Amino acid sequence: MKRLLSLGLLMLATPALATDVNRLYTETCAACHGADRLGAIGPALLPENLGRLKQAEAEKVVAEGRDATQMPAFKDQLSAEQIKALVKLVYSPVPALPLWGAEEIKASHLEVTKAADLPAKPPFKADPLNLFTVVEGGDHHVSIVDGDHMKPLYRFQSRFALHGGAKYSPDGRFVYFASRDGWISKVDMWTGKLMAEIRAGINTRNVAVSDDGRFLMVGNVLPHTLVALDASDLSLMQVIPVEGDGKTSRVSAVYTAPPRHSFIVALRDLEEIWEIPYADDAAPVINGLAHSREKGQEEGVSPQGRFGALRIRTPDYLDDFFFDPGYERVMGASRDGKKGMVVDLDLKRKVADLDLGGMPHLGSGIVFKQGDRYLMATPHLKEAMVSIIDMTTWETVKRIPTLGPGFFMRGHENSPYAWVDVSMGKEKDAMQIIDTRTLEIVKTIRPAPGKLTRHVEFNRDGSKLLLSLSEKDGAVMVLDAKTFAEEKRLPMSAPIGKYNVWNKINYSSGTSH
Ligand code: DHE
């Protein structure tokens with residue numbers, strides 16, 4: 001199919017230089033990154049996908065190459081001016097939204113390992129439900145770690161720039177990853193073997209797995225779509241355009257709501273939350289509303305596919321959200337970062353405001369019980385505090401000052417402590433430990449002074465935890481959850497997120513979902 005996208009023409013001062021840089025791109029980059037910059041064996045080179053890499057760093061990558069990848073160094077071939085021009089090119093928008101529809105998605109599908117070729121028993125002596133996956137951002141690898149003995153079992157290359165939590169099949173056997181470039185990968189936890197891959201978008205936000213393990217839903221930023229996949233082989237089921245009121249929207253995030261048997265979606269450009277039911281007996285969704293089959297037939301309309309979206313209007317855009325323990329309400333953070341709201345998914349309207357400034361990072365919030373009440377704790381990306389919110393009254397019961405703005409929080413049902421980093425500020429090496437009984441910080445640790453330290457994940461029983469020393473020559477540190485003493489370091493390349501199978505498949509209130 002003809003792509004809408006042509007090579008992004010850079011508006012440079014002289015047409016000659018523009019022609020030169022486009023030719024240079026074709027000669028130097030296109031073979032690996034695609035003539036259209038949508039990626040091939042190398043990642044997509046679009047501003048949306050590169051947003052987190054500073055242009056100066058990108059110039060360094062072009063000049064010096066990237067370790068442990070196939071990206072070579074070009075400093076002997078290209079002048080500093082040519083490198084600058086190339087980087088400027090790939091940071092400039094392409095003229096039209098790329099088309100990445102059903103045809104392109106299907107063509108990208110790779111089936112690598114057959115389920116029949118997998119062992120029936122784990123080939124290792126450890127609890128398969130106490131395994132961890134660790135995403136190593138430094139050289140784009142994933143490690144599978146045996147959580148009983150705290151030692152790596154497998155390490156394999158991932159797609160470029162995985163982002164967001166790894167998601168497991170309900171039995172914990174398979175793990176699914178999403179890359180910022182839209183690749184969804186399925187890996188067997190027992191062997192570390194890649195099962196299947198598919199490119200569901202050009203720039204993807206995240207992926208969710210249905211609680212019954214049958215479906216995946218991918219939320220895209222580019223193009224404006226949700227993509228439903230069959231979890232068994234990652235084959236395409238449906239492309240759902242994200243549109244309403246005459247405009248299209250990027251997806252903020254999609255999560256599964258297990259008791260509702262539906263996916264819940266927040267949108268960046270439409271003031272709506274979408275609920276996509278996936279149970280076989282769910283009422284069909286027609287034009288954003290649930291219909292009985294009879295009514296649909298009476299009106300002569302039928303659902304547009306297996307999955308339809310119920311549209312819930314909200315008074316603001318939601319950039320990030322968090323469920324209450326019953327999955328009846330969602331707490332949302334609005335774009336301006338000044339306030340938040342609670343939306344009831346059954347009443348289909350906002351039911352409360354949240355006093356939440358400083359860009360709360362709700363996606364990494366945790367829940368814990370204090371007496372009869374459920375409290376939610378969230379760090380803020382722009383303020384040095386953790387907010388504690390009562391999940392019945394929706395009041396902010398406490399703001400705990402921290403050493404800086406933070407990114408991630410973690411807890412565990414068997415531990416009274418909640419862990420928060422302060423990595424968005426100057427004290428990026430500190431981890432602060434909050435006693436959830438008193439809501440006070442009881443300890444600050446700096447296991448690697450001066451080094452970026454963040455993101456905790458507990459083991460299955462909450463007795464140990466893994467903490468990332470997120471530097472190129474970094475490590476995952478194993479700590480005792482009671483004494484906070486370090487027991488071991490597993491060397492890794494800029495490890496970021498870590499995900500324990502048991503905690504994730506049981507939707508532990510202390511971990512991300
Ligand atoms: Fe994330 C999860 C959004 C930047 C590492 N991040 C998520 C999720 C969302 C999100 C919506 C939940 C997805 C899921 O698990 O299904 N992240 C955003 C942003 O909007 C933001 C601020 C800007 C952006 O570039 O998109 C952002 N995130 C980052 C980073 O800079 C981090 C530190 C490094 C990276 O990999 O890019 C980062 N995000 C993570 C991690 C998770 C995550 C490790 C999973 C956390 C978990 O414990 O589940």
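Just follow the structure's listing: the first ligand is 1, and inside any ligand the first atom is 1. Because the structure is a prediction, the values reported are computed rather than measured. Below, all heavy atoms of this structure are taken into account, side chains as well, without hydrogens, waters or symmetry copies.
Of the heavy atoms in His455, only side-chain atoms (C-beta onward) come closer than 4.0 Å to ligand 1. With a heavy-atom cut-off of 4.0 Å, His513 does not touch ligand 1 at all.
Under the 4.5 Å side-chain criterion, counting only non-hydrogen atoms from C-beta, Leu226 is in contact with Val251.
Shown here are the side-chain contact (heavy atoms from CB on, under 4.5 Å) partners of Ala178, two or more places apart in sequence or in another chain: Ile184, Thr204, Val207.
In the vicinity of Lys167, heavy-atom distances shorter than 4.0 Å reach the ligand 1 atoms 14 (C), 15 (O), 16 (O). Atoms of ligand 1 lying under 4.0 Å from at least one heavy atom of Arg410, given by number and element, are 47 (C), 48 (O). Near Ile496, the atoms of ligand 1 lying under 4.0 angstrom from a non-hydrogen atom of the residue are 36 (O), 44 (C).
The closest heavy-atom contact to atom 49 (O) of ligand 1, among the options Ser364, Gly164, Ser512, comes from Ser512. Atom 6 (N) of ligand 1 has its nearest heavy-atom neighbour, among His163, Met424, Lys504, in His163.
Within the structure, side chain to side chain donor-acceptor pair (under 3.5 Å) contacts touching residues 466-477 (residues at least two apart or in different chains) are Ser468-Lys498.
Residues Tyr278 and Phe263 bring their aromatic ring centres within 6.0 Å.
Under the 3.5 Å distance criterion, the side-chain polar atoms of Glu272 are left unmatched by any main-chain donor or acceptor of Arg313.
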